[in-house]
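Note sheet for the following structure.
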Amino acid sequence: MRERSCGVLLHISSLPAPFGIGDLGPAARSFASGLAAAGVSYWQMLPLTQTEEFLGNSPYSSPSAFAGNPLFISPELLLEEGWISPADLDDSLSRAGVKRGLADYAGAGAQRRAILHAAYERCADLEKQENFAFFCRAEAGWLDDYALFASIKDEHTGESWVDWPEKLKNRDPDALRIWELEHRRSVLRHKFIQYIFFRQWRSLRRHCRLAGLDLIGDLPIYVTHDSSDVWANQNLFQLDEKGCPLKVAGVPPDYFSATGQRWGNPVYDWEAMSRDGFSWWIKRLEHNLHLADLVRLDHFRGFCGYWAIPAEESTAVNGEWVKGPGETFFKAMQAHFGENLPLIAEDLGVITDDVRAVMRSFDLPGMKVLQFAFGGDTPALNPDAPFRHQRNSVAYTGTHDNTTTLDWFRTAPVLERDNLSRYLGRILTPEEALEGMLRLALGSPADLAVIPMQDILGLGSEGRMNTPSVGRGNWEWRLSEADWNLFRPVEDEETLEEEVKKSVPPGFQRLHDLCAVYGRLPL
């Protein structure tokens, strides 16, 4: 993690694009260039994995911990590289009818399915193409299982793998071999889609590296039960003889919820994982570190102790704390990746001494969220208070699970608003509170300060990305086309390249100026 640096949090889905949802195409490249021109060192995103409409389009609930989201494949890049024709693009757009404004997952999904089908059908002798064959060999450790899983699921109208015919459900080698032979085109199509996704991702990452911009990824601790990961690794999860979870993940009742949160993910069999040196986790982390320079580990506490709920319970009330692998896990990661693990620990909520000890032992930076810093009668005792931040940490105004900072101040309890006003030394309007919070984050002792794009825009509740425990209406916010024009770098063909690099997009000018004041511009 770079010293005294700044990052911006914006998910790919929130970029402007004419195809229903943000993607890996021209807007992503332009946004990366704009960040770099403004002196921003990091672009932080949410998980890039596939989303499902019936799971609320959450990037934290995916049928694969490895596969990329086909919705993020750029039709413009497909056309540019010759995978599709202009007629293919026009036809898919007219049939899908994607809407502008908020992310249109349904419309974008229909459009991507049509256009990727067209791209696949245009490929002749795909298996003989050297780049595709190399990709399939390099990613075989997860890709083969994922493509089989997706193909079988397609043919069984989306049924959960626990309801498949016994031989497929239990991964009988002969049954899987026969399936792959009889459904070769279907299996190959899913591999092709992933090839295209990662081809476009690598191109974007190269662009970011050339611009001097590092990427921060996001890795959910748990995986979805109905996923290729659980189906292919049933021995690594606490399942019954039918493949159903014995216990599921969540968090206990607290101030915010009398019944806690029952997430429903199967919990790991950590003993089984430890017997082979946590190899599945090493592969998963290695995969994510090929995508990004730093990775945020979601729900970090779960590695030290996790809330296990009997699967038959409808709430989290009757769960229990179970000890996790803790230091043993991170020693295995260190043995593989080296002493300095490129991780950020999501250590929000109630954090126990054993979690703090692991973070200290492995020198892992935690998160400091300013929206949490002003609660209680004595803010000076709050670990998120700005003056208490450690250098080896990441300061945020808010996260994807918070409302925007402007809306937070408008709706926060009077005590929290008064505490912030006292901290800054004056009575504040909501706009002044936002300015103050930006200054507190960027002026923090933390080496890295990350600002959500919505706070840079000064948005209210309309900019909220996610409301936890609410199943619908999340993950939809997008940067408007009107605002987008303020954040794009100069694109004048007659402008010299060096002048473009020095030209800060107008929308980022304030952030650039504050980074200069607080010593967060790249040296």
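Just the heavy atoms: all of them, side chains too, but no hydrogens, waters or symmetry mates, feed the values below.
Distance check: H336 NE2 to S279 OG gives 10.5 Å after rounding to the nearest 0.5 Å. Taking CG of N57 as the start and CD of E53 as the end, the distance is 5.5 Å to the nearest 0.5 Å. We find the OH-CG distance between Y42 and L213 to be 10.0 Å, quoted to the nearest 0.5 Å. Taking NE2 of H183 as the reference point, atom CG of D154 lies at 10.0 Å (rounded to 0.5 Å). F237 contributes atom CZ, which lies 9.5 Å from atom CG of N265 (distance to the nearest 0.5 angstrom). Atom-to-atom distance recorded for L343:CG and L285:CG is 5.5 Å, nearest 0.5 angstrom.
Applying the side-chain hydrogen bond (donor to acceptor under 3.5 Å, both in side chains) test to R296 and every residue at least two apart in sequence or in another chain returns D218, D298. Take R113 and apply the side-chain hydrogen bond (donor to acceptor under 3.5 Å, both in side chains) test, not counting sequence neighbours, and it matches no residue. Partners of D229 according to the salt bridge (charged side-chain N to carboxylate O under 4.0 Å, His left out) rule, which considers only residues two or more places apart in sequence or in another chain, do not exist here. For D483, there are no salt bridge (charged side-chain N to carboxylate O under 4.0 Å, His left out) partners at least two apart in sequence or on another chain. Not counting sequence neighbours, the partners of W142 by the side-chain hydrogen bond (donor to acceptor under 3.5 Å, both in side chains) test are E139. With sequence neighbours left out, D125 forms a salt bridge (charged side-chain N to carboxylate O under 4.0 Å, His left out) with no residue at all. Checked against salt bridge (charged side-chain N to carboxylate O under 4.0 Å, His left out), D214 has the following partners two or more places apart in sequence or in another chain: R2.
Residues Q129 and F135 fail the side-chain proximity criterion, which asks for heavy atoms closer than 4.5 Å. Using a 4.5 Å cut-off on side-chain heavy atoms (C-beta onward), L89 and Q111 make contact. At a threshold of 4.5 Å between non-hydrogen side-chain atoms, the residues W43 and I12 count as touching. Contact check for F149 versus S64: no side-chain heavy atoms found under the 4.5 Å cut-off. Counting heavy atoms from C-beta on, the side chains of K153 and P63 never come closer than 4.5 Å. Using a 4.5 Å heavy-atom cutoff, the side chains of C6 and L511 are in contact. Looking at heavy atoms from C-beta onward, T328 lies out of side-chain contact with W270 at the 4.5 angstrom threshold.
Taking the centre of each ring, F330 and F300 come in below the 6.0 Å mark.
Between the side chains of Y60 and H299, not a single donor N or O lies within less than 3.5 Å of an accepting N or O. S13 and W475 share no donor-acceptor pair across their side chains, judged by distance under 3.5 Å alone. A donor and an acceptor atom, one from each side chain of D88 and S85, are located under 3.5 Å apart. Side-chain contact annotation: T51 with N69, donor-acceptor N/O pair under 3.5 Å present.
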Show me the side-chain donor-acceptor pairs of residues 238-250 shorter than 3.5 Å, one per line, residues at least two apart or across chains.
{"unit_1": "Q238", "atom_1": "NE2", "unit_2": "Y268", "atom_2": "O", "d": "3.0"}
{"unit_1": "Q238", "atom_1": "NE2", "unit_2": "Y306", "atom_2": "OH", "d": "3.3"}
{"unit_1": "D240", "atom_1": "OD1", "unit_2": "K242", "atom_2": "N", "d": "2.9"}
{"unit_1": "D240", "atom_1": "OD1", "unit_2": "G243", "atom_2": "N", "d": "3.0"}
{"unit_1": "D240", "atom_1": "OD1", "unit_2": "C244", "atom_2": "N", "d": "2.9"}
{"unit_1": "K247", "atom_1": "NZ", "unit_2": "E320", "atom_2": "OE2", "d": "3.1"}

Indicate every side-chain donor-acceptor pair of residues 74-84 with a distance under 3.5 Å to a residue at least two apart or in another chain.
{"unit_1": "S74", "atom_1": "OG", "unit_2": "E76", "atom_2": "N", "d": "3.3"}
{"unit_1": "S74", "atom_1": "OG", "unit_2": "L77", "atom_2": "N", "d": "3.1"}
{"unit_1": "E81", "atom_1": "OE1", "unit_2": "W83", "atom_2": "NE1", "d": "3.0"}
{"unit_1": "E81", "atom_1": "OE1", "unit_2": "R199", "atom_2": "NE", "d": "3.1"}

Indicate every side-chain donor-acceptor pair of residues 15-27 with a distance under 3.5 Å to a residue at least two apart or in another chain.
{"unit_1": "D23", "atom_1": "OD1", "unit_2": "G25", "atom_2": "N", "d": "2.9"}

**OP:** Test side chain to side chain contact (heavy atoms under 4.5 Å, CB included) on E130 and F134 and set out the steps.
**Re:** CA-CA 6 Å; E130 185 177 342; F134 177 81; 5.5 Å; no
Original post:
D174 and R177: side chain to side chain contact (heavy atoms under 4.5 Å, CB included), yes or no, with the steps?
Top reply: CA-CA 5 Å; D174 290 335; R177 191 159 42 249; 2.3 Å; yes
**OP:** Begin with the C-alpha distance, continue with both residues' side-chain angles, and end with the deciding distance and a verdict on salt bridge (Lys or Arg N to Asp or Glu O under 4.0 Å) for E121 and R189.
**Re:** CA-CA 9 Å; E121 291 300 317; R189 179 171 58 85; over 6 Å; no
**OP:** Determine, stepwise, if the pair L168 / L176 fulfils side chain to side chain contact (heavy atoms under 4.5 Å, CB included).
**Re:** CA-CA 7 Å; L168 293 175; L176 294 183; 4.1 Å; yes
Subject >> Worked check of side chain to side chain contact (heavy atoms under 4.5 Å, CB included) between Y146 and K191 >> reply: CA-CA 8 Å; Y146 167 76; K191 290 184 178 182; over 6 Å; no
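The closest donor-acceptor contact from the side chain of H400 to the backbone of M465 lies at 3.5 Å or more, if one exists at all. Side chain of N474 to main chain of T467: a donor-acceptor pair is present (N/O by atom type, distance under 3.5 Å, no hydrogens or angles). A distance-only check finds a donor-acceptor pair linking the side chain of R205 to the backbone of H290 [under 3.5 Å]. In this structure a side-chain-to-backbone donor-acceptor pair under 3.5 Å is present from S62 to Q50. No donor-acceptor pair under 3.5 Å is formed between the side chain of R206 and the backbone N or O of W201. Not a single donor-acceptor pair under 3.5 Å links the side chain of R478 to the backbone N or O of S14. No donor-acceptor distance shorter than 3.5 angstrom exists from the side chain of N233 to the backbone of L236, with no hydrogens or angles considered.
Closest of all the heavy-atom pairs between V450 and V8 is CG1-C, 4.2 Å. The nearest pair of heavy atoms linking A211 to A36 is O-CB, 3.4 Å. Closest approach of H207 and A32 over heavy atoms only: CD2-CB, 4.0 Å. Looking at every heavy atom in both residues, V40 comes nearest to G7 through CG1-CA, 3.9 Å. Nearest heavy atom pair, residue W477 against residue L10, reads CZ3-CD1, 3.5 Å.
Contacts classified as side chain to side chain donor-acceptor pair (under 3.5 Å) and involving residues 155-168 (residues at least two apart or in different chains) are given here: E166-N170. Residue pairs meeting the salt bridge (charged side-chain N to carboxylate O under 4.0 Å, His left out) criterion with at least one member in residues 261-281, sequence neighbours excluded, do not occur.
Within 6.0 Å of NZ in K283 there are 12 or fewer heavy atoms belonging to other residues, nucleotides or ligands.
Paired with Y120 under the rule side chain to side chain contact (heavy atoms under 4.5 Å, CB included), one option of I193, L188, I196 passes, and it is L188.
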